[in-house]
Protein chains: 2
Amino acid sequence: MQGDSVTGPATGAAPLKRDSLQQQIYDRVFDGLVSGSYLPGQVLSTRGMAQELGVSAMPVREALTRLTAEGALELTSSRTLRVRVLTPEDFDEITAIRVNLEGMAGERAAQQVTEPDLDRVRTLHAELTTAAQGVETDRYLAANAAFHDGIYRAAQWPLLLSMIRRLWLTVGPAIRNSVPDHQHMATSMGYHDDALQALAARNAAGLRAAIVGDIETAAQGIRARLAEPPETPRPRTG
Amino acid sequence: MQGDSVTGPATGAAPLKRDSLQQQIYDRVFDGLVSGSYLPGQVLSTRGMAQELGVSAMPVREALTRLTAEGALELTSSRTLRVRVLTPEDFDEITAIRVNLEGMAGERAAQQVTEPDLDRVRTLHAELTTAAQGVETDRYLAANAAFHDGIYRAAQWPLLLSMIRRLWLTVGPAIRNSVPDHQHMATSMGYHDDALQALAARNAAGLRAAIVGDIETAAQGIRARLAEPPETPRPRTG
DNA sequence: GGGCGCAAACTGCGATCGCAGATCAACGAT
DNA sequence: ATCGTTGATCTGCGATCGCAGTTTGCGCCC
């Protein structure tokens, strides 16, 4: 509980708190959920995280409350907070909405994309390709999220982006749980390549098709391994 | 609605607080925003609302923080909290997403609707018709929100419903600000009648068309009066 | 040695206090 | 009478404390 590290975590040259503490914590956990740092069923505690971050329980609490309200976390019957475990019905609904919204964002991105945007997406695609070739799971998951995010950001519709990110927030841990193998990454990279080409060609329908294909094929693998949350049972002295 | 009893509002036989205080406050303000009880630019204060409700500032704060994060409220430069004032660009984006998601919900509602659902929607439609005929603005706005909500609820997709409700949350005050007149209500009721018939006939395409027509025609009137927030400017001495 | 029980240590939630920054009102000077 | 300045009071945000309920783990009893 060092009071000196409250205002500035050990981030080196970080100047000051640009946002409120709860917002920084929210963003941190948000990114962790999207990029696969958390597993379904994993228990989180307000005070525990507060102690890790060197802050009081209050901002952590508000951040986790928001994530709970957004469906990323859930409160168990014993008032414990954990990463939400999706049912197949939950997952199918999320996938259907993702197809709709991400397809919409892709169409608009193809119309609105600028050259700087395109360069950024190309860079993200290169990183994703590298991660896929090396079958580096963690790196692949983070790069995959960043690649999709880069495309949707080019659509220049902040609300649509935030709604898509909210969906990723919920499926992130499930994706992590399905631990994509080489086969999965290879087929998915086919869609990613198509998506990049369609974006560069300003081909709205093509970009939508590539995105929808990516989502729906990936969903099959994720859904199959949905009922295997390896974090929930803690038999003894975990 | 005096909050003389903190733990138990005057809900009669309500046993205890079914939800947390912050959730109750969130729901309360949420409904107020959707059904048009708040105007764009209207200032809200944590401590003020806490005093009105007879609770401490804490649960109010968390509720309003969530609404701010969801884009319903905004923090001014002077750290004052107010109902968000939409720009035309904001509004166009919201409308486009609404067309997409509410059309999707309508299609699925037409496929999933049960007889009890249909009865409920019929009742809501009757109430809406009454309010429109009497040109009772407040009643019409609340009934309109309830009618749409009833249809989307029949789709049996809770996440989709919550995302639609989040959009209504943001446009609610703007709709209120446009004070629909008799002409607006009359044309809108045409689409509402079509929607009810399509739902009863399980006509997915027809229901989507009615919903999209309703949204897009209403959007024209709302957008036109968007730049007239009568609450923002306070020239001198209130 | 094995099963039971109670207390300590967790959990989230609400209340209260204090801080830094901004607004506003009232007072004093010109 | 008008302008400038200052203090009281507002704002949101974080820390700390306390409450009620649940889980857990150590010690006691059989």
Side-chain angles (χ1 to χ4, degrees), chain A residues 1-9 16-27 29 41-69 72-84 232-238, chain B residues 3 5-9 15-27 29 41-69 72-84 232-238:
Chain A
M1 218 78 83
Q2 318 288 2
D4 53 351
S5 65
V6 172
T7 52
L16 285 176
K17 51 176 184 182
R18 50 190 188 290
D19 290 328
S20 65
L21 262 180
Q22 73 162 95
Q23 185 61 40
Q24 296 178 47
I25 296 167
Y26 176 88
D27 291 338
V29 180
Q42 182 174 341
V43 173
L44 300 179
S45 115
T46 303
R47 287 178 173 86
M49 185 176 295
Q51 196 166 4
E52 289 180 7
L53 299 178
V55 300
S56 87
M58 167 119 331
V60 178
R61 198 173 111 183
E62 305 205 341
L64 298 187
T65 300
R66 281 172 53 190
L67 290 167
T68 305
L73 309 178
E74 61 186 357
L75 208 50
T76 68
S77 58
S78 64
R79 304 205 306 177
T80 313
L81 209 52
R82 67 175 194 182
V83 178
R84 179 173 171 198
T232 312
R234 189 171 47 179
R236 250 317 176 61
T237 66
Chain B
S5 65
V6 173
T7 53
L16 285 177
K17 50 175 185 182
R18 51 197 187 287
D19 290 328
S20 64
L21 263 181
Q22 72 162 92
Q23 186 60 41
Q24 296 179 45
I25 297 168
Y26 176 89
D27 290 339
V29 180
Q42 183 174 342
V43 173
L44 301 179
S45 113
T46 302
R47 287 177 174 88
M49 185 175 295
Q51 195 166 4
E52 288 178 10
L53 300 176
V55 300
S56 87
M58 167 119 331
V60 177
R61 196 173 113 183
E62 304 205 340
L64 298 187
T65 300
R66 281 172 53 191
L67 291 167
T68 305
L73 309 178
E74 60 186 359
L75 207 51
T76 68
S77 59
S78 63
R79 303 206 305 180
T80 312
L81 210 52
R82 67 174 194 182
V83 179
R84 178 173 171 198
T232 314
R234 190 170 47 177
R236 249 320 177 59
T237 67

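Naming: A, B, ... by sequence-line order, numbering from 1 per chain. The figures that follow rest on heavy atoms only: side chains count, while hydrogens, waters and symmetry mates do not.
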Whole-Å distance, Q24(B) CD to dG14(C) P, equals 9 Å
Identify which nucleotide among dC13(C), dG14(D), dC13(D) has an atom closest to any side-chain atom of L75(A), counting heavy atoms from C-beta outward. dC13(C)
At under 4.0 Å between heavy atoms, what does S78(A) touch on the DNA or RNA strands: base, sugar-phosphate, or nothing? sugar-phosphate
Under 4.5 Å between any side-chain heavy atoms of T46(B) and L64(B), yes or no? yes
At less than 4.0 Å, is any side-chain N or O atom of S56(B) found next to OP1 or OP2 of dG14(C)? Yes or no. no
S45(B) has a side chain; which of dG12(D), dT11(C), dG14(C) sits nearest to it? dG12(D)
Sequence neighbours left out, what passes side-chain hydrogen bond (donor to acceptor under 3.5 Å, both in side chains) with Q51(B)? Give chain and number order. none
Nearest whole Å is fine: how far is dC13(D) C1' from L21(A) CG? 9 Å
Side chains of M49(B) and V29(B) in contact at under 4.5 Å (non-hydrogen atoms): yes
Can you find a heavy atom in the side chain of L73(B) that is under 4.5 Å from one in the side chain of R84(B)? no
Spatial distance of atom CD (Q42(A)) from atom CZ (R82(A)) [nearest 0.5 Å]: 11.5 Å
Residue whose closest nucleotide on DNA chain D lies nearer the 5' end, Q22(A) versus S77(A): Q22(A)
Can you measure from CE (M58(B)) to CG (L21(B)) and round to the nearest 0.5 angstrom? 11.5 Å
Is T80(B) touching bases, backbone alone, or none of the nucleic acid, heavy atoms closer than 4.0 Å? nothing
What nucleic acid atoms does I25(B) come within less than 4.0 Å of, heavy atoms only: base, sugar-phosphate, or nothing? nothing
For atom CD of Q51(A) and atom P of dT16(D), their distance in whole Å: 12 Å
Just to be sure I understand the geometry, which residues of residues 58-68 of chain B put a non-hydrogen atom under 4.0 Å away from DNA chain D? M58(B), R61(B)
Close N or O pairs between protein and nucleotides 18-21 of chain C (under 3.5 Å):
from: dG18(C); atom 1: O6; to: R47(B); atom 2: NH2; distance (Å): 3.2
from: dA20(C); atom 1: N3; to: R79(B); atom 2: NH2; distance (Å): 3.0

Between dT11(D) (P) and L73(B) (CG): distance, integer Å: 15 Å
Sequence-distant partners of S78(B), side-chain contact (heavy atoms from CB on, under 4.5 Å), two or more places apart: T76(B), T80(B)
What I'd like to find out is whether the side chain of V60(B) reaches to under 4.5 Å of the side chain of V55(B), using heavy atoms alone. yes
In degrees, rounded to 10°, what is the bend between the two ends of the helix from dG1(C)-dC30(D) to dT30(C)-dA1(D), using five pairs at each? 30°
Is the shortest heavy-atom distance from the side chain of T65(B) to the side chain of Q22(A) under 4.5 Å? yes
CD1 of I25(A) to CG of D19(A): how many Å apart, nearest 0.5 Å? 11.5 Å
CG of L81(B) versus P of dT23(C): gap in Å, rounded? 15 Å
Within this structure, what is the CE-to-C1' distance between M49(B) and dT11(D), rounded to whole angstrom? 14 Å
Sequence neighbours left out, what pairs pass salt bridge (charged side-chain N to carboxylate O under 4.0 Å, His left out) with at least one residue falling in residues 53-62 of chain A? R61(A)-E62(B), E62(A)-R61(B)
From CG of D19(B) over to C1' of dG12(C), roughly how many Å is that when rounded to an integer? 14 Å
According to salt bridge (charged side-chain N to carboxylate O under 4.0 Å, His left out), who are the partners of R66(A), at least two apart in sequence or on a separate chain? none
